[in-house]
Amino acid sequence: MNYLEAADPQVADLIQKETQRQALVLRMIPSENYASDAVLAACGSILANKYSEGYPKARYYQGQEFIDGVESLAQERARDLFGAEHANVQPYSGSPANMAVYLGLLGKTGRVMGMDLAAGGHLTHGAKASFSGTYYDVRHYGLQRDSGMIDYDAARQLALEFRPQMIFTGASSFPRIIDFAAFGEIAREVGAYLIADISHISGLCISGDHPHPFPHVDVITFTTHKLLRGPRGGMILCSQELAPKIDKAVFPGLQGGPHDQTTAAIAVALKEAASPEYSQYCHQVVKNAAALAQGLLDRDFTLVTGGTDNHLALIDCGANGLTGKVLAEACEAAGIVANANKIPFDPRPANDPSGFRLGTPALTSRGMKEAEMDLIAGLVAQVAANMNDASALANIKEMVADLCAGFPAPGIHL
Ligand code: DSN
């Protein structure tokens, strides 16, 4: 930061202010986390200076002696950690990783099934607004209206009628276990590739807090910056048989040179994730989400599916006479930063939906535990009871800052 302050005080000042924000608020967007100093150091390294189109030992530029070592290490660590035959660590993020799967396995068009965005799926699982719903023929499976759980029988029926070539599983806003084995049976029955996008739950699949997608799925994709605590990036895991198609789709199909500094930071994050401490961390993420959910239920909030099995909880704000957006804005004024989100069968629009999505990965990285989660559920209830009282929200923000001061965040140096 000293170099940056001297060279560009304006950018340095903005980063400094964002550092303080990340220190002083409760970061509860379930897809965010705190990367370690080691991950940040690799990400900000001179590897950013290099171009290395291609793959280790098969590059289009010279000077790859050490870059090959970095990428091979990241691949090897990914294979070991997830039990995969092949790892492509070059996707720039999760959406490009998923796009490479479409391109590599289907080409320009094809029939795809994915979970509806409103049900908790992702844009790239076939939403009309994304390339996936624009270029591919997509049908969505969804949830049971009464329980909020995935309707596997309806998904099977849809698959038998529609005969998809590819099925996406995985979610951005679904608080429950996904039955990869059940989807595996459906995919095999109709001869479709099965893809698990585990961006949100990658760590839980390593620690055993969520069933592992292999051997039920053909391909795993994920972002590396969520629960995994790496840099902004993406990854694809598959069999040796599918590897040529996937690799060719990533480069030269969709991308140019890989971001070597990111690859190095991914390698560091994978080493960290292979430690027993990381598994303990993931166990605590789940315990914390359960405590948060219980704390919210105790304070008369309504949760989609009535609780959580993973790292997030989704409040149905309509039951409290609120919308997700107004609660998200009031919570931010009180130092609790999460996001408004669609809920299943949401009658409200995407820009002001009924849900408020809260996650525990970042708070758990700060060392917070169940007692803090209950306290935070109480603070969210206080916000909901004082939505238009700026001074009450400011008081809560002070309480939040005091709480945060006791739990320093990794990678944050004030
Ligand atoms: N934006 C991510 C999330 O918040 O879940 C999904 O891509």
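Both ligands and their constituent atoms are indexed starting at 1 by order of listing. Not measured: the values here are computed from a predicted model.
- Heavy-atom contacts of R357 reach the following atoms of ligand 1: 3 (C), 4 (O), 5 (O) (cutoff under 4.0 Å).
- Ring orientation note: the planes of Y136 and F131 are nearly perpendicular, at an angle over 60° on the 30°/60° scale.
- Proximity of the aromatic rings of H216 and F180 is defined here by a centroid distance below 6.0 angstrom, and this criterion is not met.
- When N98, L242, V250 are each tested for a side chain to side chain contact (heavy atoms under 4.5 Å, CB included) with I236, only one passes: V250.
- Ranking the protein heavy atoms by distance from atom 5 (O) of ligand 1 puts H200 NE2, 2.7 Å first.
- Summary of contacts: the protein heavy atom closest to atom 7 (O) of ligand 1 is H122 NE2, 2.9 Å.
- Ligand-side atoms of ligand 1 in range of S172: 5 (O), 6 (C), range being under 4.0 angstrom from any heavy atom.
- The closest side-chain heavy-atom distance from R111 to F162 is below 4.5 Å.
- Taking Y51 as the reference, E53, Y61 meet the side-chain contact (heavy atoms from CB on, under 4.5 Å) condition, with sequence neighbours excluded.
- Counting only heavy atoms of the protein, atom 1 (N) of ligand 1 lies nearest to S31 OG, 4.5 Å.
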